[in-house]
Amino acid sequence: MKINHDIHTHTLLSACCHDPAATVEAYVRRAAELGHAVFGISNHLWDEKVEGASAWYKGQMINYGLQARNCVPADTCGVKVKIGVETEYFAVTDTLGMLADTAERFDYVLVPHTHVHMKGTVCPDPDDVLARRAEMRRRLAAAMPELNEAQVKKMVATLPVAELRELAYAEPTDLALFYSTQMINSFEALMENSEFIKLAARVPTVIAHPMHACCIPRNESVAANRALREEDLRRCFGKAKKLGIGLEVNVGCFNAENDYADEANIRTIRIARDVGCKFTFGTDAHSVKGLSSITKGERISELTGITEADLFTPALA
């Protein structure tokens, strides 16, 4: 199937985008070159009416992100440009980063549940990591008494799990099982979040990169996906279908090596399609160059069995 849309992209209005050429105008021009009929801008945003934004999200509020609408060129070369948004779901506190009323200002909404690197908000630290952080806080405070408690806590919190794991653990957490459990739990909690249910009824809503643990070492992400049980996936995707929301095929999450032979996400999407879910495709591009990766979607659609009849049309109309 020819993929002629991409509705998961980040311009310079997203704090994670560092390509100086990544303007809305440049993206639209490249979308036309790629033959897209529909192209969406979905910068990271948090609704200022919702308490609990992380420090990273506090600089990315609604009116700031809506500037993208003013940047769409008058001549879009035949491409239908949609202004969407990627907000956030903090599973630990059951907090959706956007109210339904606010979401209606956008053409569609992407909601991720697998940004597992956002510790304490999307995914808690495993118990052994919490214990190691506590130990390091005690040692650092003893070694540098001139630091106050808040400074010590902040310094230790910056150490990623990968670095902490280089230290010895008697019984390290099974990360594959830990992350797979967290992804299932966060997905189901999102499906039951009252504000999300309200939002999904009003605005075309898509779950971004479902069941793919993001921003951790790839081997850990793949292992977590493989640890997902089919019965859990079917239960989760059945709830998504019932709510009438879409699932994203995020091509950036797929490893094309050996013709996707070892790609765990293929199984996940196949199961979702078998359940009856509908899909959108996106690159999750953070650069103009990254937009070209949408071509991976053609082979992915073939391997997963997705056809045009399986597309989530509300987000693409």
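Values reported hereafter were calculated over all heavy atoms of this structure, with side chains retained and with hydrogens, waters and symmetry mates removed. Note that the structure is a prediction, hence the values are computed from the model and not measured.
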Under 3.5 Å donor-acceptor, Lys296 side chain and Phe254 backbone:
yes

If every non-hydrogen atom of Gly297 is compared with every non-hydrogen atom of Phe281, which pair is closest and at what distance?
O-CE2, 3.7 Å

Does a side chain donor of either His115 or His113 reach within less than 3.5 Å of an acceptor in the other side chain?
no

Across all chains, not counting sequence neighbours, the side chain to side chain donor-acceptor pair (under 3.5 Å) partners of Ser54 are none

Rounded to the nearest 0.5 Å, what separation is found between the CD1 atom of Ile269 and the CG atom of Asp274?
12.5 Å

Flag the pair Thr121 / Glu88 as yes when at least one side-chain heavy-atom distance between them is below 4.5 Å, and no otherwise.
no

At what distance, to the nearest 0.5 angstrom, does CD1 of Ile41 lie from OG1 of Thr23?
9.0 Å

Strictly distance-based, threshold 3.5 Å: is any side-chain N or O of Asp259 a donor or acceptor partner for the main-chain N or O of Ala261?
no

With a 3.5 Å cut-off and no angle check, do the side chains of Ser292 and Arg30 form a donor-acceptor pair?
yes

Heavy atoms, side chains only, cut-off 4.5 Å: are Cys236 and Met191 in contact?
no

Scanning both residues in full, the closest heavy-atom pair of Pro124 with Gln182 reads CD-OE1, 3.5 Å

Report yes or no: do Val109 and Leu13 belong to one cluster of Ile/Leu/Val/Met/Phe/Trp/Tyr joined by side chain heavy-atom distances under 4.5 Å?
yes

Quick one: list whatever passes side-chain contact (heavy atoms from CB on, under 4.5 Å) with Glu48, sequence neighbours left out.
Met61, Ile62, Asn63

Do Trp56 and Val116 sit in one hydrophobic cluster, given that two such residues count as connected whenever their side-chain heavy atoms are within less than 4.5 Å of each other, even indirectly?
no

Glu135/Arg132 under salt bridge (charged side-chain N to carboxylate O under 4.0 Å, His left out): CA gap, chis, key distance, verdict
CA-CA 5 Å; Glu135 176 188 342; Arg132 180 56 55 139; 3.7 Å; yes

Considering residues at least two apart in sequence or located in another chain, which fulfil the salt bridge (Lys or Arg N to Asp or Glu O under 4.0 Å) criterion with Asp310?
Arg273

With heavy-atom distances below 4.5 Å as the criterion, would you say the side chains of Asp47 and Thr87 are in contact?
no

So if you build clusters from Ile, Leu, Val, Met, Phe, Trp, Tyr with side-chain heavy-atom gaps below 4.5 Å, do Val28 and Val38 land together?
yes

Could you work out, with side chain to side chain donor-acceptor pair (under 3.5 Å) as the rule, every residue matching Thr205, not counting sequence neighbours?
none

Would you call Phe196 and Ile245 a side-chain contact if the rule is heavy atoms closer than 4.5 Å?
yes

Would you say that more than 12 heavy atoms from the other residues, nucleotides or ligands in this model lie under 6.0 Å from the NZ of Lys242, or not?
no

Criterion salt bridge (charged side-chain N to carboxylate O under 4.0 Å, His left out) on Lys239 and Glu192, from CA distance to verdict:
CA-CA 9 Å; Lys239 293 180 179 182; Glu192 296 170 6; 3.5 Å; yes

Does Asp107 use its side chain to pair, donor to acceptor, with the backbone of Gly84 at less than 3.5 Å?
no

Between Lys278 (side chain only) and Ala309 (backbone N and O only), is there a donor and an acceptor less than 3.5 Å apart?
yes

Side-chain heavy atoms nearer than 4.5 Å, only ILVMFWY residues, links allowed to pass through others: does that put Val275 and Val249 together?
yes

Heavy-atom check, side chain of Met211 versus side chain of Leu233, under 4.5 Å
yes

Pair Glu188 + Arg235: basic N to acidic O under 4.0 Å
yes

OG1/Thr93 to CD/Glu51 distance, rounded to the nearest 0.5 angstrom?
11.0 Å

Using a strict 4.0 Å threshold on nitrogen-to-oxygen distance, state whether Arg234 and Glu231 make a salt bridge.
no

Pair Val50-Leu99, side chain to side chain contact (heavy atoms under 4.5 Å, CB included): steps then yes or no:
CA-CA 7 Å; Val50 179; Leu99 299 179; 3.8 Å; yes

Check for me, please, whether Tyr57 and Met98 land in the same ILVMFWY cluster - side-chain distances under 4.5 Å, paths through other members count.
no

If you measure from the Lys or Arg side-chain nitrogens to the Asp or Glu carboxylate oxygens, is any gap between Asp101 and Lys198 under 4.0 Å?
no

CD of Glu302 to OG1 of Thr307, rounded to nearest 0.5 Å, is 12.5 Å

Side chains of His286 and Ser14, heavy atoms from C-beta outward: is any pair under 4.5 Å?
no

Short question: side chain of Lys80, backbone of Ala317 - any donor-acceptor pair under 3.5 Å?
yes

Distance check, rounded to the nearest 0.5 Å: Leu243 atom CG versus Ile197 atom CD1?
5.5 Å

Can you name the closest pair of heavy atoms from Ala285 and Tyr27 and give their distance?
O-OH, 3.9 Å

Using a 3.5 Å distance criterion without hydrogens, assess whether the side chain of Asn250 forms a donor-acceptor pair with backbone atoms of Ala208.
no

Residue that, paired with Thr280, satisfies side-chain contact (heavy atoms from CB on, under 4.5 Å) out of Val206, Leu311, Thr313, Ile3
Val206

Please check: side-chain N/O of Tyr108 versus main-chain N/O of Ile7, any donor-acceptor pairing under 3.5 Å?
yes

Quick one: list whatever passes side chain to side chain donor-acceptor pair (under 3.5 Å) with Ser221, sequence neighbours left out.
none

At what distance, to the nearest 0.5 angstrom, does CD1 of Ile184 lie from CZ of Arg229?
8.5 Å

Can you check whether Ile306 reaches Met1 side chain to side chain, under 4.5 Å on heavy atoms?
yes

Using a 4.5 Å cut-off on heavy atoms from C-beta on, say whether the side chain of Thr9 contacts that of Phe39.
yes

Just jot down the side chain to side chain donor-acceptor pair (under 3.5 Å) partners of Thr268, sequence neighbours excluded, or say none.
Asn225

Specify whether Phe90 and Trp46 have parallel, tilted or perpendicular ring planes, treating 30° as the upper limit for parallel and 60° as the lower limit for perpendicular.
tilted

Using only atom types and a distance under 3.5 Å, with no angle test, would you say the side chain of Glu298 pairs donor to acceptor with the backbone of Lys2?
no

Okay, side chain of Asp6, backbone of Ile294: is any donor-acceptor separation there less than 3.5 Å?
no

Heavy-atom closest contact (His8 atom, Thr283 atom, distance):
O-OG1, 3.5 Å

Between Tyr89 and Val111, what is the shortest heavy-atom contact and its length?
CB-CG1, 4.1 Å

Provide the closest heavy-atom pair for Lys153 versus Arg137 in the form atom of the first, atom of the second, distance.
CA-CD, 3.8 Å

Between Glu195 (side chain only) and Ala100 (backbone N and O only), is there a donor and an acceptor less than 3.5 Å apart?
yes

Quick one: do Arg218 and Glu263 satisfy salt bridge (charged side-chain N to carboxylate O under 4.0 Å, His left out)? Show the steps, please.
CA-CA 11 Å; Arg218 181 164 186 84; Glu263 182 48 68; 2.7 Å; yes

